[in-house]
Every structure is written in C-alpha cells, then in structure tokens.
Number of protein chains: 2
Amino acid sequence: MTANGAPGSSHKRGHRRVSRDGNVTFKRRSTSEIMTAIQLGIEYTVSRENHTPMRDLLTHDFCVVESFDFPSDGGRGTPAHKLSSFAFKCYAPAAFRHFRRFYGINMAQFLHSICASSLLELPNAGASGSIFFRTADDCFIIKTVQSGEAKYLRRLLQQYYITLTQNPGTLLPKFYGLYCYKCGSKRIRFAVMNNLLPSSVPICEKFDLKGSTYKRRASPEEKAKACPTLKDLDFREIHPSGLLLEAEAYDQLVDTLARDCLVLRSFSIMDYSLLVAVCNLDSPDAVCGDAEVKLNHQLIPTPQPDAIAPHPPPTEQQRWHPASATAPPADPELESAIKRSPISGLPARNERGDRLLLYVGIVDILQDYRLAKRMEHTMWSLVTDAESVSVVHPDFYSTRYQSFLREFVFKRSVD
Amino acid sequence: MTANGAPGSSHKRGHRRVSRDGNVTFKRRSTSEIMTAIQLGIEYTVSRENHTPMRDLLTHDFCVVESFDFPSDGGRGTPAHKLSSFAFKCYAPAAFRHFRRFYGINMAQFLHSICASSLLELPNAGASGSIFFRTADDCFIIKTVQSGEAKYLRRLLQQYYITLTQNPGTLLPKFYGLYCYKCGSKRIRFAVMNNLLPSSVPICEKFDLKGSTYKRRASPEEKAKACPTLKDLDFREIHPSGLLLEAEAYDQLVDTLARDCLVLRSFSIMDYSLLVAVCNLDSPDAVCGDAEVKLNHQLIPTPQPDAIAPHPPPTEQQRWHPASATAPPADPELESAIKRSPISGLPARNERGDRLLLYVGIVDILQDYRLAKRMEHTMWSLVTDAESVSVVHPDFYSTRYQSFLREFVFKRSVD
C-alpha cells in the first residue's frame, strides 16, 4: 500500500503524504489547513442548532445534506478566514444532534472540545492512509473517511438509531457527525467519533483483534514502534490465558458483542476489529500514546496495605477473581490520571493477577462486503485455508470473531 | 360510494356486502369464515415466536414477509380446519412483536384476546367499506386495509419505531400486526390495532374531527343512527365552548398532537381525523356502542355528598376547573365499568360543568397524498373556498387540524 516517488515527497499512504521536511498533507492540502477548516465548518454548522428548537427525529432527517459556502472574505453568516475559499457539507445534522444528545454531549461542550483548542494530529495513520485528529480534551477523534465509507455510514444511520435505543452500551463506534470539506476539486469527508484511547493514562499494550490467524501478527517494523498495534497471534502469545473479567462484566461484554455483531452482519459488514488497549494498574508503564502523566514509579512499586502485590505469582483465588481490580491503583498520580480521563476502562486481570483497565471498542466498521473483497477471498482461498483468511463471508466472520473474543481474549471469573 | 344492484345483495360498500338475509361478506367471503381464518393464522404465526428468542430489531426486519399454507387437511405444523384451504402472510413479524412489547402486550395475552373467544363484528362499516372486528375483551380492533394502505403502513414502520421511542404517548394508531389472508384469488389484508372505544362504558357522543368546515356535518341519516359519528360543525354547535381540560393535560395533548402531526406531515399524510368519544360521568346515557352495562339511573341522578350536581348551571370555578373530573362518578356501576375497561379516558368537563371522560385517538392515517387527492383538490378549489376543502396540502392540513383542536375543541383550564 505504501507508494513512494511522488515528486517532493518521501512517503505516501492513500491520500496522506509526508514531505521530506515532515509536513503532512492529505489530498495535497496541509493538515493544518484541513484542521482549521474543520473547526470553522463545525463551529458554524453546529452553532446554527441554537436557532432550531430540538424536535423529534424523522426518517427523512437521515437523508438531509446541508451545504455552506465559506469564501475567504466571509459569506452569508460565515466568517472571513485566511484559508482558500471552501464549501462545507453537513450530513444528517438532526440525526447526529440526536446521537450526541443520546450520549449526553451538549452543543456547547461539543463546540468547546473541537473548536476551542488546536486539534492534535495522530502520528499513526491507519492502513487506509486516513488522517486522524484528536481533540485536546481527549473526548473526540476526527477521522477522514473515503467517499464509499461516508455513503455507507449514511445508509447505516437508521439502524444506528435503532441500535442506540435498544443497546445503549453498544461497542460500535459512536458517531457524532459526518461532514465534507470541499476546496477546489478536492473533497475531504470526515467523521467525528468517540476517542477510545485515553492519552493521559499509560497504555502498556494495544491490540487490533479480528479472530483470524492468517497474517494476524504485527510486523517487525510495527513492533519496533513505541506504541505498536499488536494482532491476534501476538495476543495469544502474550496472554495465553486471556484477560480475566468479573462474571457480570464478562457476560455483559459477550452479550453486547453478540448484539453488535448481529447489526454488522445484517449489513454484510466485515473486517471490523476489536481494539483493546491495556493499562496495568500494578505496573503502569506507558508504551503507547502521548501519556501526559510521566509516572515516576518503579517497575515493582512498594506494596500498599490494601493493594495486591503485582508480580509474585498470584494465588488461584486472585487469579480467578478480579473483583479488587476496581480498587484504586497504588499510585495516586495514576489514580488521578484515570479519574481525569473522559474515557472509562473496564476492570480486568492478566495471567499474573495484575489489575488492569481495558479500553475496548469495535473499529473499522465502514467496509462493506464489496466485490473487491470477494475477489480477494477467492484468490486467497486458492493458496491457503479459506477459513483463516480475514476476508470471508460476514456470517462466518461474525461467528469467528465472537468465539475468538469469548474464548481466547476474555475469560469469565468463576463466581 | 354506496353501490346497489349486485345480484342477490341489497347493500354494498367497497368490498363489504350485506345480503338480503343480513349475512355480511367481504370479497365474497363470509365474515365468519374470515374471522376464523384470522384466528387460525394469528394463533399459528404468533405462537411461533415462542421458538424464537427476542433479539434486537434490525432495519431489515421491517421488510420481512413470512407466508404459510393452511390446507384444510392440515399442513406442515398448521392445523386441519373446516374452511377452504388458504394462505396466510405475516408482515414484519419481528417489528410488530417489538411494538407489542413496547406497549406491554405479551404473546399469551395477545393470543388470548384474539383467539380464545369469537371476534365481534362491528356493525358500523367505515366509508371505505372496510370490515372491523373487535376482540371480546375490548383490547384490539382488526380492520381490513386496502393493498395500498398495507404498503403504506409497511413504508411507515421505521418512522413508527422512531416515534414510539421518542413520543411514547403518541395518539397515532397503535399497530400490533399486519397480515394477509389469501383464499383462491382473493387477498384480504388486515391490521390489528388498539381499540379506542370502550364497549362497557356509555358513550354519549362521538366525533370525527378534521379541522375543516366544508361538508363536515353528519348527514341526517347518520344522525338518525343510535350512535352517530358527528363532525366538526356538529361539534361547534354542541360544544360551542369546547371541552375543558386541566392545564397539564391540555398542554400534553397539544404537544402530542403537534409531534404526531410532524410525523404525518413528513409522510405527506392527510385526511386523518381525531376521534373523540365522550362519556358523561354526571349524565351517563349511552347512545353509542354495545355498552354491556345498562346503567339503571335517572337522567338527573340523586346527588351524592361528594359529587357535583350535574345539571344546574355550574359556578365559574366549576366551569373552568376540571380537577374534580378525576373523582369517581356517583354511580358505582359506572365506576366499575370504567375501571374494568382496558382503555383509559382523559378527564374533562363540558360547558355545563359535567365531568367527562374523553377517549381520543388519531384515525385514518394510511391515506397518502396521491394524485387522485390532488385532482380532487384542484376540482373543488374551483367551486368553493380552497382552504375549507378537507383535501389540501399536508402542511396546510396539519396546521389547520392542530389549530382547530387547540382552539375550538379543547380548552385549557386557567391555573
């Protein structure tokens, strides 16, 4: 997927290009220009909601597209700015307004998160060459989506509404907005979503799990990174006994995954992953992200009276009973970082009995079962075991995904 | 709309035909045969749900149609019966199962209501020539719908789901099932809905209100009936001061009507009515229905210590403060009938200060704004005031309907 050789560039993936001097562009627009346009566009379109009283959602609302011109000199109600003139489209604004309300995000808070401070560009672009921005308060991620993905999301919106009302604890991405920034002949579509990875909490491992074995090991280049994204086979090696959850949390997680997979399968969606990020409360070494908290602790902290010693082999009871994972970590700085984070983790234990917090969500759901995928599957099935290829039929994909997570990744504490 | 002259029949309206000896047929099938087939079909299709665990609803579920054969000798799981062999279609079973659950109706209760006792055929066929059955326990109405109406209802289902989740107090018809009974070349489609008119409570007046004035007076023939359906102009004459509601109830009713009209307008639905049936607690003379309770009272009952004397002119405070409408009626037999009814009424007062219970719901929503309607409007607007014709643009229809109900039909008690 990586292409080199474009004049003046040293690295290109998808529409994302990094020049020799480190500047990042997307569709030849600098990411700083895109960021500013996004902030201008969202501020203008979302503020307009102030003038529209909240009313019940109609099926019709899922299809609405509103478009606004942002000439450099300022337009009808749009402010003057220093960028090239652009147009900004807002998809299904009333529907996304409902979704935000559903998740308890009010307009002022949303605008403040996105527009009051600079967005932070995440260095780790996805395989698709998308660019990702994170808001400074950690609440939202802004991700560029391809034209087909945006169409797919719009088709999904009614089901999405139905899912939220039935299964409010869904692990599907939380979509808060879908927009298109158009400048010249270039269109950049992007979605505003929940952020899964807290930047202030030290993350020691991060996994992208699909339930497949074929090619599901992070490459040596990936593993050399400060914050590698590991895969299914890496997980099995690192956590051969899986991650232990309390019985109730396990049951709820498995149930939620089943309900989410039902929705994904009904839309023939495949190739989604479960992102699992692990914070170890008993050995909080950040290997990931830009953790603001540089925790100044030893590998083995001084045991506290109420804390369980992290490294000596755990007793069988400790091993299979993670209740005390909800107890605060020994380190007050880490405790404060966890409390400050807008994202809450799921208590668990690893095979050593260490108390963990897991940050979990289903990602990459906007890929449909397209002809290209079928082709890819047909091709691979000639050379290898068809069932281990990650690109298979949605029903099979969903079943394999769930059983891998239910059996190998998460373990249920014995009551 | 009434056509005579079909051989052997004395009266025909739509597909409904009454022979000289009083037998009713619909599409040449006797209504008793239709009734039995409906009971067989619903019992079979709904009982199947026992084998399917409840799961989340998917958008896909709104489009499902299941079909079953009912040969006279019994089929695959279907019982033998004495009718002609027939087929039975069940539309969107999972969606309607959700709707029933939403309204707290469990499977056993639904089956018991519909299948345990004979259905009662309502004598008053609608203008469309539909036939109506009521369940013996008063809970449900089964109404034949035209092919276009069934299609329209299926198109509405997703919006219907959205409405229920947002506006659970909606006055739209509650749809609990949509089916098709096919025998030979005849297809009879029908919907199971909530019953608006309690049969055990004496109803003294019944209105079908559209907010229009043109031709909105019941005909002398209608008025001569035991239970006439009166219209807008009749209402203005009988209740020139409208029906007084408590402030909170009024506000809620007006809000619900506005939300329901928003939905109807978004589907270009028009020509719906508000059905308002009135039970007078202080003068409970049944003129309507088959009230089981033959109340053995005088026109002016003996005043009870706590009851308000019904007929002397009310004081201003009584007139504009309907709070005591919630007090039980003086007559214990009427009180018991009201308590027994599965349908609850809305307390109100009339201009004389009598305590009323209103049974209210929006009816006839399955008519879309078709070309025929446009034509009709264009034609009428040449000969009369366009705004008073009931067939006008959905926006205008909705606005006129709401303002008529808000201003002339219901009055808000002064706090």
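Just so it is clear: chains get the letters A, B, ... in the order the sequence lines come, proteins before strands, and each one is counted from 1. Predicted, not measured: the structure shown is a model, and the values here were computed from it.
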(request) May I ask you to check whether B:F88 and B:Y44 place their ring centres under 6.0 Å from each other? (result)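 No: the rings miss the under 6.0 Å criterion.
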(request) For residues B:G104 and B:Q109, report the shortest heavy-atom separation together with the two atoms involved. (result) O-OE1, 3.7 Å
(message) If you compare all heavy atoms of A:E49 against all heavy atoms of A:R100, which two are closest, and at what distance to 0.1 Å?
(response)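 Residues A:E49 and A:R100, closest heavy atoms: OE2-NH2, 2.8 Å.
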(message) Whether the side chain of A:Y160 engages the backbone of A:F175 through a donor-acceptor N/O pair (distance < 3.5 Å, no angle test) should be reported.
(response) yes
(message) Within the 3.5 Å criterion, strictly below it, is a donor on A:T45 or A:Y179 matched to an acceptor on the partner's side chain?
(response) no
(request) Establish, from distance only, whether the side-chain atoms of A:D208 and A:S273 form a donor-acceptor pair under 3.5 Å. (result)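 A pair is found: one side chain offers a donor N or O, the other an acceptor, under 3.5 Å apart.
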(message) Only heavy atoms, only distances under 4.5 angstrom. Which residues in residues 55-62 of chain B are near chain A?
(response)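 Contacts with chain A: B:R55, B:D56, B:L57, B:L58, B:T59, B:F62.
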